[in-house]
Amino acid sequence: MSQQVTVTEHILLHQKMIPGATGQFTRLFNELVLSAKIIARAVNKAGLVDVLGFTGDINVQGEEVKKLDEYANRILIHRLSRSGVLCAMASEENADIIEVPENFPRGDYIIIFDPLDGSSNIDVNVNIGTIFSIFKRRSNSDAALLSSDVLQKGSEQVAAGYILYGSSTMLIFSTGDGVHGFTLDPSVGEFILSHPNIRIPEQGKIYSVNEGYERYWDRDTKKALSYFKSPKNALRKPYSGRYIGSLVADFHRNLLYGGIFMYPADLRDPKKPWGKLRLTCECNPMAFIVEKAGGLAIDGLKRILDIEPEHLHQRAPFFCGSAKDVQVVQEIFEAEARRKKKK
Ligand code: FDP
């Protein structure tokens, strides 16, 4: 136990190394960690208490709201608004920016989160998670908050990460200097550093995508898939297919083992040719983590972290993982773009 580093110690150590640090980030993180423990407890008891199933409501994404989703959202909003260091929050479950109530102290941080990602897996005991993305406001603290403070490019994130509720509860995050993983020790109630300085393998052996929708993909994505399945690829053998259908779980496995996760554009509805995943609360935080671990994340052609969000619930195609695997996809998209230009 004497050798073990808790997440709070780790953050405090990090804070000491930043000249002029005020402790605000540490306060925000402490509330996030406490929220994670409360949600983990509810997830672990699901099945025993009445938290499975639907609330009967439809969220801003047009999806049925699960009881645990709603619970996780409430816990995060309640705890984080009390941190005293936020000026705004945004959640996948709420249509608009959530302002911190007038009577609470405020600060310059903004947090965007998906309270419980992978919620279609809740009722069957498959891994789910909370994803978060943290920014600092750009406008003056005394002035009214601008939507551009919340809608910043992913490259402006000061921290991002996720909590994975699985066979154990894990917190993975980066504040810019490496990606670190902590595992909740339920006997002491602390997240303990278990995976310091995670690096994603440069080349993976796994592709992860909902192949059932292949007929709705563009030509580029179909080409990428056939590359990963071909014995003529860089590995000289087909990649293994692994798809849980819970972004945090698929991402986490690929982060540790290497590989590529894809949620491509879906051309079923030509008026909405976007992917399913949300840029601000899913793609950006995962792209930040994967890049800090040595990998890449693109929308096909463009780096995810360079996309200027136009609205809170914007979606983006998402290809993310080991650098060499993502580069292959990018080359395919670039070649197709050149071909289309020539026509
Ligand atoms: P879910 O709908 O279960 O919440 O964006 C949400 C998400 O899950 C991701 O976690 C997951 O990667 C993806 O959607 C799964 O979507 P498909 O069922 O279309 O594959």
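Computed from a predicted structure; not experimentally measured. Both ligands and their constituent atoms are indexed starting at 1 by order of listing. Numbers here simply count residues along the sequence, with the first being 1.
The hydrophobic clustering, which links ILVMFWY residues whose side-chain heavy atoms are closer than 4.5 Å, places I200 and M262 together.
Atoms of ligand 1 found under 4.0 Å from any heavy atom of Y243 (numbered from 1 in listed order, with element): 15 (C), 16 (O), 17 (P), 20 (O). Annotation for ligand 1: atoms under 4.0 Å from non-hydrogen atoms of S120 are 1 (P), 3 (O). Applying the 4.0 Å criterion to heavy atoms of Y213 picks out, from ligand 1, the atoms 19 (O). Interface of S246 with ligand 1, defined as ligand atoms under 4.0 Å from a residue heavy atom, comprises 10 (O), 12 (O). Close approach of ligand 1 to L247 (heavy-atom distance below 4.0 Å) involves ligand atoms 9 (C), 10 (O), 11 (C), 12 (O). Listed by number with element, the atoms of ligand 1 under 4.0 Å from a non-hydrogen atom of L277 are 5 (O).
The aromatic rings of F173 and H180 lie perpendicular to each other, with more than 60° between the two planes, well past the 30° mark.
In summary, the aromatic rings of Y207 and F261 are positioned with their centroids too far apart to meet the 6.0 Å limit. Remark: aromatic rings of H10 and F182 are close, center separation under 6.0 Å.
Residue G118 has at least one N or O atom closer than 3.5 Å to an N or O atom of ligand 1. Between V248 and ligand 1, not a single N/O pair is under 3.5 Å apart. The shortest N or O to N or O distance between N121 and ligand 1 is not under 3.5 Å.
In this structure, a donor-acceptor pair under 3.5 Å is absent between the side chains of N233 and S230.
Through side-chain heavy atoms spaced under 4.5 Å, either directly or across other Ile, Leu, Val, Met, Phe, Trp or Tyr residues, I112 is tied to I97, I110, F135, L145, V150, L151, L312.
Taking the charged nitrogens against the carboxylate oxygens, R339 and E336 do have a contact shorter than 4.0 Å, which makes a salt bridge.
Nearest to atom 14 (O) of ligand 1 by heavy atom, out of E282, K276, E211, R278, is K276.
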